[in-house]
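One structure below.
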Amino acid sequence: MSTLAKALSPALREVRFLFSQSGSASAGTREFVLARYNSIKQHNPDLPVLVREAEGTPARVFARFERGVERHVELDGLAAKDVESKVSQLLTTSS
């Protein structure tokens with residue numbers, strides 16, 4: 001079972017995806033968000049999952065944990081499968 005297909009840690013407060021809506025380096029991230037957003041929200045209905053698109057923005061994801069701890073990983077140029085792996089690692093990291 002994928003890490004993203006179950007409830008995530010209660011220490012996780014917010015997830016933010018930033019990427020370009022048309023840039024080729026963000027294609028894997030766009031594909032991942034389209035395929036997995038509903039699953040993440042279904043299993044974590046109270047978790048804010050923000051998607052921010054801006055032309056020229058490098059693809060990355062931020063995770064905010066309790067006590068204001070924030071971490072991020074770069075996703076630019078990765079395929080959707082690699083994006084899922086990186087996001088899973090980030091979201092399961094304890095604060």
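Just so you know, residue 1 is the first one in the sequence shown, and it goes up from there.
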Working note: L78 + K86, criterion side-chain contact (heavy atoms from CB on, under 4.5 Å); need CA distance, chi angles, decisive distance, verdict. CA-CA 10 Å; L78 298 178; K86 290 267 194 178; 4.0 Å; yes
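- Taking every heavy atom of both residues into account, R13 and P48 meet most closely at O-CD, 3.1 Å.
- Looking only at side-chain heavy atoms (C-beta outward), L47 and V49 come within less than 4.5 Å of each other.
- Judged purely by atom type and a 3.5 angstrom limit, D76 uses its side chain to pair as donor or acceptor with the backbone of A59.
- Across R71 and L90, no two heavy atoms sit closer than the pair CB-CD1, 3.6 Å.
- With Q21 contributing its side chain and E55 its backbone, the two residues share a donor-acceptor pair below 3.5 Å.
- Between H43 and S39, the shortest heavy-atom distance links the atoms ND1-O, 2.9 Å.
- The CG atom of L8 sits 4.0 Å away from the CG atom of N44 when rounded to the nearest 0.5 Å.
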side-chain contact (heavy atoms from CB on, under 4.5 Å) between L50 and V15: does it pass, once the steps are laid out? CA-CA 6 Å; L50 308 172; V15 179; over 6 Å; no
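- In this structure, a donor-acceptor pair under 3.5 Å is absent between the side chains of S20 and E53.
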Could you go through E31 and R36, starting from their C-alpha distance and side-chain angles, then the distance that decides it, and tell me whether this counts as salt bridge (Lys or Arg N to Asp or Glu O under 4.0 Å)? CA-CA 9 Å; E31 183 181 332; R36 305 296 284 160; over 6 Å; no
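- F65 CZ to E14 CD: the interatomic distance, rounded to the nearest 0.5 Å, is 11.5 Å.
- With rounding to the nearest 0.5 Å, the separation of CZ in F17 from OG in S26 is 12.5 Å.
- Under the 4.5 Å side-chain heavy-atom criterion for Ile, Leu, Val, Met, Phe, Trp and Tyr, F32 and L18 are members of distinct hydrophobic clusters.
- The backbone N or O of D46 lies less than 3.5 Å from no partner atom in the side chain of K41, so there is not a single donor-acceptor pair.
- Shown are V87, V83, V51; of these, the side chain to side chain contact (heavy atoms under 4.5 Å, CB included) with V33 is made only by V51.
- Side chain of R60 to main chain of T57: no donor-acceptor pair is present (N/O by atom type, distance under 3.5 Å, no hydrogens or angles).
- Connection of I40 to V73 is established within a shared hydrophobic cluster, with ILVMFWY side chains joined at heavy-atom distances below 4.5 Å, either directly or through further cluster members.
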Intermediate values then yes/no, side-chain contact (heavy atoms from CB on, under 4.5 Å), H72 and E74: CA-CA 7 Å; H72 79 279; E74 299 294 324; 3.3 Å; yes
Would you check, one step at a time, whether the test side-chain contact (heavy atoms from CB on, under 4.5 Å) holds for Q89 with E84? CA-CA 9 Å; Q89 288 174 358; E84 181 166 4; over 6 Å; no
